[in-house]
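Before any comments, here is the structure.
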Amino acid sequence: MIKITLKDGSVREYEKEVSIYQVAMDISEGLARVALAGLLNDKLSDLRTMIREDASLSILTFDNDGGKHSYWHTSTHVMAQAVKRLFPEAKLAIGPAIENGFYYDFDISRTLTPDDLVKIEEEMKKIIKEKHEIERFELPRDEAMEKMKSIGEDYKAELIRDLPEDVVISFYKQGEFVDLCAGPHLMNTGMIKAYKLLSIAGAYWRGNENNKMLQRIYGIAFPKKTLLDEYLHRLEEAKKRDHRKLGKELDLFSMQDEGPGFPFFHPKGMIIRNVLEDFWREEHRKNSYDEIKTPIILDVELWKRSGHWDHYKENMYFTEIDEREFAVKPMNCPGGMLMYKRSMHSYRDLPIKMAELGLVHRHELSGALHGLMRVRNFTQDDAHIYMTPEQIKDQIIEVIKLTDSIYNVFGFKYRVELSTKPDNAMGSDEDWDKATNALKQALETLGMEYRLNEGDGAFYGPKIDFHLEDSIGRTWQCGTIQLDFQMPERFDLNYIGADGEKHRPVMIHRTVLGSIERFIGILIEHYAGAFPIWISPEQVRILPIAPTHHEYARELKEKLAEKGVRVYVDFRDEKIGYKIREAQLQKVPYMLVVGDKEMESSSVSVRARSEGDLGAMKADEFIEKAVEEIQSKK
RNA sequence: GCCCGUGUAGCUCAGUAGGUAGAGCACCACCAUGGUAAGGUGGGGGUCAUCGGUUCAAAUCCGAUCAUGGGCUCCA
């Protein structure tokens, strides 16, 4: 007797082995119709999987990640089958389900065009209509290899060659199409309902730039047309929040052909920058940081000593002054080291926390540039903390808390990653282990969830990264905390301990916002350009009805400006509806309409960006309210 | 860097049997003096990204360069 415990705790008993699909059928036919995969003993499993002993099982539908995965996996097979029909010579590489949809990589001699996508979609329609049963079978390694080689699937053969010894090599077959695949898959191709092929992209075989570039097709699929439409609509909406589009519309910044990756900040963008930096300074003063500024160009010798010459040269810019070699700084730390070394330090002075809004330049690959998110020059809100080894954990915790409190002001969700020793690292394994453990402990003390990112640390130390999301869900690293035993050694940093001897301090490199530029990009998308009033470049716009009200508007403006409010008057000879429309499109938080009524009663008619007409109130009352709202950073 | 797409007025875009450029918005002028998302009329504005080639003739076809968008990580 086999006992199967279901999600709701109920138990089903079977005389002999049974497939997950059959169990779903037994629960209800309706469930079986929408079943896409099973979670068998917490393992994502194919519906065909036979249950041979007692187990827990839940049936997965499109509402579960596992179900979606299976749905998209079959979708990509249908797409691959269509491609093989249209391009019989195409070789298959890999084709997984991803977070949002699926892709498949092909090696095809001719480059695909958007027209091809339409043809492939049409062929997919036929395959879905043909409703092929999907069969799973296994082969021993040799036979599997032989089979793939015989049909010219060289990439699949290579994959089989590199599979671990103990793995079961499975295939899925639908009609004439066979693919090496671990599954899981749906029962037949007819279950794919609404789908769309979204884009063609290049992708290196196995993600290695030394390998051949393949053609990747991305797609998405849903069990209902309405879901697909909703998804496509959401994509469109997300595009409207794109910081590059809003940056132009709201006149915040621009990129010029003359400076690829070097952003220009316009007056309104500068207001946002300055507001951010003021806020940042305030928070750092409260947390006992000192602020410094180090030069942008420094002698190449410094960069040789710091290790950047050996580990970071490819990303650096160089120049010559009076026949002496200089480098443009890609990081602020070496300059910071010199600041530390300028005098003796006592253990009583530690930790020393030196912050710097430092402009750094890095040579990023041209194809990697992306609006304000990835640029070639940016301002890091950097700080270096010099401390005794005993202070490490507390200092890391303090930085994590500071970062969290600052992100909370903006209401950001974030993800934390711990990155470990990379291939081109500097320093001993012991140092790295010590540093990595310190970061881990700090995270665990705070009970923070984090993702491990093997081999992605800085060349001088492991790091904790804070990732923020953009409008379409891509994440960008912003805050970072890096523990470093190397630089203090290389620069022979010291402090005098209680014993009167010299000791080696440990240092932390850290940023909270990360790059001011990137952070502004994230801010723009997060708020869709409708900044909270304390950040808004223009906080209040006064809209006089007619020229006779200009004088009153001017007086109001002065009153508000005196209180530090960023206020402008629209003196143009236009109708009120026109002025409102423009202020609204510019996402100004408050519009004050002033005409005869308001003039007579020393009041203003308030229109809020989001709520619309709020009616009249005394001018002084509005000013007080606005100032309060700005100060509270809501 | 690599693959594919795109590059026409300040902005958004139209302009394919190749015959030396258009619209809306914005800007300027005049008229209208207007109460919660675009009042009317007129006007100025473009080396069609750059360089080269094909052609009697190129925004349009070809090549290169530059810029820009998507992707190149999420492992059958």
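Chain letters run A, B, ... following the sequence lines, proteins first and then strands; every chain starts at 1. Owing to the predicted nature of the structure, the values given are computational and were not obtained by experimental measurement.
Between A:Gln584 atom CD and B:G35 atom C1' there is a gap of 16 Å when expressed in whole angstrom units. When rounded to the nearest whole Å, the span between CG of A:Leu198 and P of B:G71 equals 11 Å. Rounded to a whole Å, the CZ atom of A:Arg376 is 7 Å from the P atom of B:A67. Between A:Arg581 atom CZ and B:A38 atom C1' the separation is 5 Å, expressed in whole Å. To the nearest angstrom, P of B:C75 lies 13 Å from OH of A:Tyr104. Atom-to-atom, NZ of A:Lys575 to C1' of B:C31 comes out at 13 Å; the value is rounded to the nearest Å. Atom C1' of nucleotide B:A32 and atom CG of A:Asp573 are separated by 9 Å, given to the nearest angstrom. One can place CD1 of A:Ile200 at 11 Å from P of B:U6, the figure rounded to the nearest angstrom.
Aromatic ring centroids of A:Trp476 and A:His370 lie under 6.0 Å apart. Residues A:Phe318 and A:Trp309 place their aromatic rings such that the two centres sit under 6.0 Å apart. Ring centroids of A:His526 and A:Phe412 are separated by less than 6.0 Å, placing the two rings close together. Ring-centre distance between A:Phe102 and A:Tyr104: not below the 6.0 Å cut-off.
At the heavy-atom level, A:Asp257 lies under 4.0 Å from the strands shown only through sugar-phosphate atoms. A:Tyr155 comes within 4.0 angstrom of nothing in the nucleic acid, heavy atoms only. Base contact: A:Ala368 has a heavy atom under 4.0 Å from a base atom. A:Gly615 comes within 4.0 angstrom of nothing in the nucleic acid, heavy atoms only. Here A:Val594 lies out of heavy-atom contact (under 4.0 Å) with every strand. Residue A:Lys579 is out of contact with every strand shown, counting any heavy-atom pair closer than 4.0 Å. Contact annotation for A:Gly595: base contact, defined as any heavy-atom pair under 4.0 Å involving a base atom. Residue contacts for A:Ile576: at a heavy-atom cut-off of 4.0 Å it reaches the sugar-phosphate backbone alone, with no base atom in range. Using a 4.0 Å heavy-atom criterion, one finds that A:Asp596 contacts the bases of the nucleic acid, with or without backbone contacts as well. Residue contacts shown for A:Arg161 are absent, as no nucleic acid heavy atom lies under 4.0 Å away. Residue A:Glu598 is in base contact, counting any heavy-atom pair closer than 4.0 Å across all strands shown. In this structure, A:Leu585 reaches the bases: a heavy-atom distance under 4.0 Å links it to at least one base atom across the strands shown. Among the protein residues, A:Gly207 comes within range of the sugar-phosphate backbone only, with heavy atoms under 4.0 Å from sugar or phosphate atoms but none that close to a base. Using a 4.0 Å heavy-atom cutoff across all strands shown, A:Leu112 reaches no nucleic acid atom at all.
For the OP1/OP2 pair of B:G1 and a distance below 4.0 Å, the side-chain nitrogens and oxygens of A:Ser366 include at least one atom meeting the criterion. For B:C11, the OP1/OP2 oxygens have no side-chain nitrogen or oxygen of A:Lys245 closer than 4.0 Å. For B:C27, the OP1/OP2 oxygens have a side-chain nitrogen or oxygen of A:Arg572 closer than 4.0 Å. Between A:Arg607 and B:G35, a side-chain N or O to OP1/OP2 separation shorter than 4.0 Å is absent. Taking 4.0 angstrom as the limit, A:Tyr218 places none of its side-chain polar atoms (N or O) nearer than this to OP1 or OP2 of B:C4. Look at A:His549 and you won't find any side-chain N or O under 4.0 angstrom from OP1 or OP2 of B:G34. Of the side-chain N and O atoms in A:Arg206, none sit less than 4.0 angstrom from OP1 or OP2 of B:C72. Remark: A:Tyr204 is not in phosphate contact with B:U73, judged by side-chain N or O atoms under 4.0 Å from OP1 or OP2. Under 4.0 angstrom from either OP1 or OP2 of B:G69 there lies at least one side-chain N or O belonging to A:Arg244.
B:U41 and B:A29 make up a base pair, with Watson-Crick or G-U wobble contacts both under 3.5 Å. Pair assignment for B:C61: B:G53, on the basis of Watson-Crick or G-U wobble contacts that are both within less than 3.5 Å. With a cut-off of 3.5 Å on both pairing distances, B:G34 has no Watson-Crick or G-U wobble partner at all. The nucleotide B:G7 finds its pairing partner in B:C66, both defining distances of the Watson-Crick or G-U wobble pair being shorter than 3.5 Å. In this entry B:G46 has no Watson-Crick or G-U wobble partner, no candidate having both defining distances under 3.5 Å. Across all strands shown, B:U12 pairs with B:A23; the Watson-Crick or G-U wobble distances both stay below 3.5 Å. B:G1 is paired with B:C72 under the criterion used here, namely a Watson-Crick or G-U wobble arrangement in which both key atom distances are under 3.5 Å.
Nucleotides B:G63 and B:A58 place their C1' atoms 14 Å apart, quoted to the nearest Å. The gap from the P atom of B:G69 to that of B:C25 amounts to 29 Å, rounded to the nearest Å. Rounded to whole Å, the C1' atom of B:G39 lies 25 Å from the corresponding atom of B:G22. Nucleotides B:U65 and B:G19 place their C1' atoms 29 Å apart, quoted to the nearest Å. Rounded to whole Å, the separation between the C1' atoms of B:C11 and B:A32 comes to 27 Å. Taking atom C1' in both B:A29 and B:C48, the straight-line distance is 29 Å, to the nearest Å. Nucleotides B:C27 and B:A14, compared at atom P, are 24 Å apart to the nearest Å.
Proximity note for A:Val593 (side chain, C-beta onward) versus B:U36, B:A26, B:U33: the nearest is B:U36. Distance from the side chain of A:Met213 is smallest to B:C72 among B:C75, B:G34, B:C72. Minimum atom distance to the side chain of A:Leu369 is reached by B:U68, of the listed B:U36, B:U68, B:U33. Comparing atom distances between the A:Ile545 side chain and each of B:C74, B:U12, B:G34 picks out B:G34 as nearest. When distances run from any side-chain atom of A:Pro260 to the nucleotides B:U68, B:C4, B:G35, the shortest one goes to B:U68.
Annotation: cation-pi geometry satisfied between A:Arg216 and A:Tyr103 (NZ/CZ under 6.0 angstrom from ring centroid, within 45° of ring axis). Geometric assessment of A:Lys68 against the ring of A:Phe62 yields a positive cation-pi assignment under the 6.0 Å and 45° thresholds.
Side-chain contact between A:Met599 and A:Val594 is absent, with no heavy atoms from C-beta onward closer than 4.5 Å.
The pair A:Glu417-A:Arg415 meets the salt-bridge criterion, with a side-chain N (NZ, NE, NH1 or NH2) lying under 4.0 Å from an Asp/Glu carboxylate O.
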Go through the steps for A:Glu249 and A:Lys245 under the test salt bridge (charged side-chain N to carboxylate O under 4.0 Å, His left out), then give the verdict. CA-CA 6 Å; A:Glu249 286 170 6; A:Lys245 183 173 156 66; 3.1 Å; yes
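For the pair A:His549 (side chain) and A:Ala546 (backbone), a donor-acceptor distance under 3.5 Å is present.
Judged by closest nucleotide on RNA chain B, A:Asp613 is the one of A:Asp613 and A:Ala201 placed further toward the 5' end. With the nearest nucleotide of RNA chain B identified for both A:Ile94 and A:His363, A:His363 has the one nearer the 5' end.
Scanning atom types as modelled, no donor and acceptor separated by under 3.5 angstrom connect the side chain of A:Gln215 and the base of B:G71.
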